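Let me begin by presenting the structure, written as structure tokens, before commenting on it.
Every heavy atom of this structure was used, including side-chain atoms; hydrogens, water molecules and symmetry mates were not. Keep in mind that what you see is a predicted model, and the values were worked out from it rather than measured.
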Amino acid sequence: MSTNPNTLHLRELEAFLVLAEELHFGRAGERLYVSQSRVSQLLRSLEGRIGAPLVERTSRRVSLTPLGASFLSSLRPAYEALRATVDEARAAARNAGGVLRIGFQGTVDDHLARAIARFEERHPECATEVVELALSDPFGPVRRKEVDCAVVLLPVAEDDLVLGPVFSRQPQTLALSARHPLAGRDSVTAEELAGIRLIGLHDSAPAYWRLAQAPRETPSGLPIPPGPQVNTLQEALSLAAVDRGALLLCRSTAAYHAHRASLAYVPVEGLPDSLLGLVLRRGAGPSPAQAFARALAETAPGEEPA
């Protein structure tokens with residue numbers, strides 16, 4: 001599907017504004033919780049839509065072009081007005097009973113569905129919205145307040161986020177092309193991953209988290225060849241279907257996609273189980289997100305935070 005070059009994306013504008021303040025790609029990435037290369041990618045996309053450079057880059061310095069400076073002076077008040085409008089709408093929604101936005105990765109499993117139902121029974125005045133998160137960006141939507149909390153794959157080791165209830169402990173499953181030589185196996189061992197290219201994730205997420213989802217070595221230390229990197233689950237499954245690599249999934253997500261005849265799902269023995277956990281922003285006061293965390297803990301007993 002082609003992209004309309006006249007369509008501006010808020011994330012590109014945000015990256016430009018932060019870069020214009022910092023004049024340093026690394027510091028801009030730290031503020032945006034993305035990599036330096038991602039900031040550069042967002043800027044190139046914005047410049048492509050505008051049709052001219054906004055920033056001059058040398059080995060020693062970053063500066064705005066004359067067009068970039070003019071664009072900045074017009075963009076900043078418009079962006080601040082847009083943010084203020086969104087904040088006002090959110091405040092109005094809270095006063096009218098509120099909206100709880102729950103992000104999730106993979107699928108909405110039984111535990112999560114039960115917790116949402118229990119929360120809605122207890123808080124009928126608060127509407128709930130369920131939002132699928134990009135597989136490669138588990139923490140960004142919570143930080144950017146696009147969602148109030150998020151169900152993500154573990155591990156979680158973020159200073160500005162709090163890990164709530166942990167649940168859905170499940171064995172790992174390998175999704176690979178139905179044509180792959182291992183597709184007919186009852187199971188594979190973790191050591192056999194040394195002969196399989198594992199599909200990885202783009203670097204919006206921290207390195208420790210990406211390595212947990214797509215390890216680079218087996219438990220005994222054998223290297224696992226890296227496959228292509230993706231942003232979304234659907235992109236990863238599509239690449240696996242055409243034999244560009246294989247993807248590690250929890251059992252419930254594999255079962256949800258079992259209808260795809262082009263894919264096979266083979267259990268993996270010898271890897272840690274997959275776990276999901278709820279993350280919230282640190283330091284927030286009582287909120288619908290915290291009430292939902294209690295509902296989630298009550299409907300998923302028996303798990304302990306990792």
Side-chain angles (χ1 to χ4, degrees), residues 104-113 132-139 151-157 166-277 300 303 306:
F104 73 95
Q105 289 188 302
T107 61
V108 176
D109 70 1
D110 291 342
H111 286 163
L112 183 54
E132 184 174 6
L133 306 183
L135 192 60
S136 64
D137 191 17
F139 309 127
V151 174
V152 301
L153 289 161
L154 266 58
V156 176
V166 172
F167 63 105
S168 192
R169 184 184 299 272
Q170 296 184 28
Q172 298 266 27
T173 301
L174 191 67
L176 69 174
S177 169
R179 307 191 311 271
H180 194 281
L182 297 178
R185 293 271 295 273
D186 292 333
S187 65
V188 297
T189 68
E191 295 303 319
E192 289 179 285
L193 296 178
I196 301 171
R197 297 175 68 216
L198 279 187
I199 295 172
L201 300 167
H202 284 303
D203 58 1
S204 298
Y208 76 84
W209 189 89
R210 288 182 282 119
L211 285 174
Q213 315 314 321
R216 289 292 169 254
E217 61 180 31
T218 69
S220 71
L222 294 175
I224 299 174
Q229 293 184 330
V230 301
N231 283 312
T232 69
L233 176 59
Q234 290 303 320
E235 185 182 359
L237 290 172
S238 296
L239 288 174
V242 295
D243 205 18
R244 299 296 186 270
L247 177 69
L248 287 173
L249 297 172
C250 68
R251 184 171 56 190
S252 63
T253 300
Y256 182 82
H257 294 279
H259 64 279
R260 299 180 64 154
S262 57
L263 289 167
Y265 301 96
V266 182
V268 182
E269 299 176 353
L271 286 181
D273 287 344
S274 170
L275 283 166
L276 295 175
E303 298 289 2

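Within the 3.5 Å criterion, the main-chain N or O of Ser177 finds no donor-acceptor partner in the side chain of Arg179. Looking only at distances, a side-chain donor or acceptor of Gln105 sits under 3.5 Å from a matching main-chain atom of Leu135.
Counting non-hydrogen atoms of neighbouring residues, nucleotides and ligands closer than 6.0 angstrom, the CG atom of Asp273 exceeds 12 such neighbours.
With rounding to the nearest 0.5 angstrom, the CG atom of Asn231 is 12.5 Å from the CG atom of Leu133. For the atom pair CG (Leu271) and OG1 (Thr173), the distance works out to 10.5 Å, reported to the nearest 0.5 Å. Taken to the nearest 0.5 Å, the CZ atom of Arg169 stands 11.0 Å off from the CG atom of Leu276. With rounding to the nearest 0.5 Å, the separation of CG in Leu222 from CZ in Arg216 is 14.5 Å. To the nearest 0.5 Å, atom CG of residue Asp243 and atom CZ of residue Arg197 are 9.0 Å apart.
You'll find the side chain of Leu248 reaches within 4.5 Å of the side chain of Leu174, heavy atoms only. No side-chain heavy atom of Pro138 sits under 4.5 Å from any side-chain heavy atom of Leu153. Taking 4.5 Å as the limit, some side-chain heavy atom of Leu247 sits within range of a side-chain heavy atom of Leu237. Two residues are said to be in side-chain contact when any heavy atoms from C-beta on lie closer than 4.5 Å; Val266 and Leu182 fail this criterion. Under the 4.5 Å side-chain criterion, counting only non-hydrogen atoms from C-beta, Leu233 is in contact with Thr253.
Scanning all heavy atoms of the two residues, the minimum distance from Arg210 to Ala205 falls at NE-O, 2.9 Å. The shortest non-hydrogen separation linking Leu154 to Gly277 is CD1-N, 3.3 Å. Minimum heavy-atom separation, Leu193 to Val268: CD1-CG1, 4.5 Å. The shortest heavy-atom contact between Pro219 and Ala190 is CD-CB, 3.6 Å. Contact record, Ile199 with Ala214: O-CB, 3.6 Å, taken as the closest heavy-atom pair. Summarising the geometry of Ser238 relative to Arg260, their closest heavy-atom pair is OG-NH2, 3.8 Å, with the distance given to 0.1 Å.
Side chain to side chain, Thr232 and Gln234 fail the donor-acceptor criterion of an N or O pair below 3.5 Å. Counting only N and O atoms by type, the side chains of Glu191 and Thr218 include a donor and acceptor under 3.5 Å apart.
Under the rule for a side chain to side chain contact (heavy atoms under 4.5 Å, CB included), the partners of Pro155 that lie at least two apart in sequence or sit in another chain are Tyr208, Trp209, Ala212, Gln213.
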